[in-house]
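All chains are named by letter (A, B, ...) in the order of the sequence lines, taking the proteins before the strands, and each is independently numbered beginning at 1. Quick note: numbers below take in every heavy atom, side chains included, and nothing from hydrogens, waters or symmetry partners.
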There are 2 protein chains.
Amino acid sequence: MIYFREISEKKSNKLVANKNSIIRLSRYKNALTRLKAMGFVKVFSDNLADAVEVTPSQVRKDFSLFGILGNKRGGYKVDELIEKLNSILGKNELQNVVIVGAGHMGTALMRYKGFEKEGIRIAACFDTDENKLDRNAKIPVLPISEMQEFIKKKKIRLGIIAVPDHAAQEVLDKLLEAGIKGILNFAPIKLNGPEEVVINNVNIELELENVIYFVNVKDKAKVKV
Amino acid sequence: MIYFREISEKKSNKLVANKNSIIRLSRYKNALTRLKAMGFVKVFSDNLADAVEVTPSQVRKDFSLFGILGNKRGGYKVDELIEKLNSILGKNELQNVVIVGAGHMGTALMRYKGFEKEGIRIAACFDTDENKLDRNAKIPVLPISEMQEFIKKKKIRLGIIAVPDHAAQEVLDKLLEAGIKGILNFAPIKLNGPEEVVINNVNIELELENVIYFVNVKDKAKVKV
DNA sequence: TAGATTGTTAATCGATTAACAATC
DNA sequence: TAGATTGTTAATCGATTAACAATC
């Protein structure tokens, strides 16, 4: 992937975007819309740093990494900044997504309010279970046999996998075959896909196990007293 | 929190557990149960490294960090290793959890199969909406007014927040008041709690936005050709 | 102008990887 | 014993923070 490397690395071998910096951009953007609502027209790296709980250096570094320039002494204009962040984050165009699996998790995601206001639209959900189908719903639930055609016809690039573990790899293969480029995977297994496909895993058990571990550590630390 | 620092840092100022190392421990453990099912009695750092896609150095480093010792030349005994990892991860005792919010996400989590086999038990779910209550279900859905007493009586330490943004902070405060020590939060807002409480945030929008960003980057990289 | 804030370079910090002596 | 693998120390890599010259 030579061409990707060209834009993802600076000459100086300092790497550009990593996952954390993108997450921070999203947070800056959210903070900015709040600040805007409060009447701010300009912001300084200080303000954003406070809002997102990072250092001002981090803010300026992130911006400079993505080519966002402010005005020395004058900070950043809120409107321009929001616009630029939206553009970087791909928020200027509606993002169509399909969900595979209309079980509990898939249904929760279908109903999830957070997506719409972020410019994410669930185009359809797919399932093998006939009882779950609902062609006429606002977000239709369709048989998985129609999935690939649907994706191709609507040129959808993003898919969410919310099926049981044992079905996940097969679903992934089908999605990729149909042209999907990015995956958010809720099945707690490692999926194999080609390098050029973006796969982000959300593993709820692992997240909860993490909490358990740190609670235990702190507990033991206290007992030690 | 002097006492916590004492055990969380080595003399040499090398820090012990960070979130990533704990996640890796969970993955080692999962890999090991698979290897065990395949008949393995011993494993080498090589095997685990392959299974989890890290370097053998990483595996040995992680183990040494948590005081897990193998046998030079003989690797690690699978059963012992699983046992030790379970103990570190707090898997030897059943972990009771309450869910707050019986909306789509809360319900999905209640029905989530992954928890049980990891020794996590959902003791109850709480909601303000009377229509959602169900005292007699296997996992009862109770009014939020009974939450604090329930938590205290059953000495529950872990809570999952799955309520709308605007209710999340209030729910957190109540949970902490009742004695909850660790939180998994699905509401996409920053929660304020005292330092000694463990709060882990799962933000599904951010995760999907991340996918969108990297898909766009790769797309543009290709067009550039 | 004087003061404040950016943008970038250098320093620091932390986590991962490599190397290798110890030893089973 | 010879060979292989651990456990740990040192080297590397990457990300965050600090510092400061440029400049509005």
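Taken residue by residue, residues 39-57 of chain A places heavy atoms nearer than 4.0 Å to DNA chain C at A:F44, A:S45. Within residues 69-84 of chain B, the residues approached by DNA chain C to less than 4.0 Å at the level of any non-hydrogen atom are B:K72, B:R73, in residue-number order.
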Mind listing the side-chain donor-acceptor pairs of residues 29-38 of chain B below 3.5 Å, one per line with the distance, residues two or more places apart or on another chain?
from, atom 1, to, atom 2, distance (Å)
B:K29, NZ, B:E118, OE1, 3.2
B:N30, ND2, B:S26, O, 3.4
B:T33, OG1, B:N30, O, 2.8
B:K36, NZ, B:D79, OD1, 2.8

Could you go through residues 161-171 of chain B and list every donor-acceptor pair under 3.5 Å that involves a side-chain atom there, pairing it with any protein atom two or more places apart or in another chain?
from, atom 1, to, atom 2, distance (Å)
B:Q169, OE1, B:N192, N, 3.0
B:Q169, NE2, B:D173, OD1, 3.1
B:Q169, NE2, B:N192, O, 3.1

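B:D50 contributes no side-chain N or O that, together with a main-chain N or O of B:N47, makes up a donor-acceptor pair within less than 3.5 Å.
In B:R27, the CZ atom is not crowded: 12 or fewer heavy atoms of neighbouring residues, nucleotides or ligands sit closer than 6.0 Å. Heavy atoms of other residues, nucleotides or ligands lying less than 6.0 angstrom from NZ of B:K154 number 12 at most. The local environment of NZ in B:K117 is crowded, with over 12 non-hydrogen atoms from other residues, nucleotides or ligands closer than 6.0 Å.
Residues B:E207 and A:K19 are paired through a salt bridge, judged by an N-O separation under 4.0 Å between the basic side chain and the carboxylate.
When rounded to the nearest whole Å, the span between CG of A:D62 and C1' of C:dG7 equals 13 Å. Atom CG of A:N20 is separated from atom P of D:dT17 by 11 Å (rounded to the nearest Å). Nucleotide D:dA11 holds its P atom 13 Å from the NZ atom of B:K61, rounded to whole Å. Per the geometry, CD1 belonging to B:I68 stands 17 Å off C1' belonging to D:dT5, to the nearest Å. Summarising the geometry, the separation between CD1 on A:I23 and P on D:dA15 is reported as 13 Å, rounded to the nearest angstrom. Between A:L65 atom CG and C:dT6 atom P the separation is 17 Å, expressed in whole Å.
Between A:N92 and A:E83, some side-chain heavy-atom pair lies under the 4.5 Å cut-off. Using a 4.5 Å heavy-atom cutoff, the side chains of B:N18 and B:S21 are in contact. Residues A:V97 and A:L184 are not in side-chain contact: their nearest non-hydrogen atoms beyond the backbone lie 4.5 Å or more apart.
Relative to the side chain of A:R60, the nucleotides C:dT8, D:dT8, D:dT16 differ in distance, and C:dT8 lies closest.
Counting only Watson-Crick or G-U wobble pairs whose defining distances are both under 3.5 Å, the stems of 3 or more consecutive pairs in DNA chain D are C:3-24 with D:3-24.
Taking the ring pair (Phe, Tyr, Trp, His ring centres under 6.0 Å) definition, one finds that B:F63 meets it with B:Y28, B:Y76, sequence neighbours left out.
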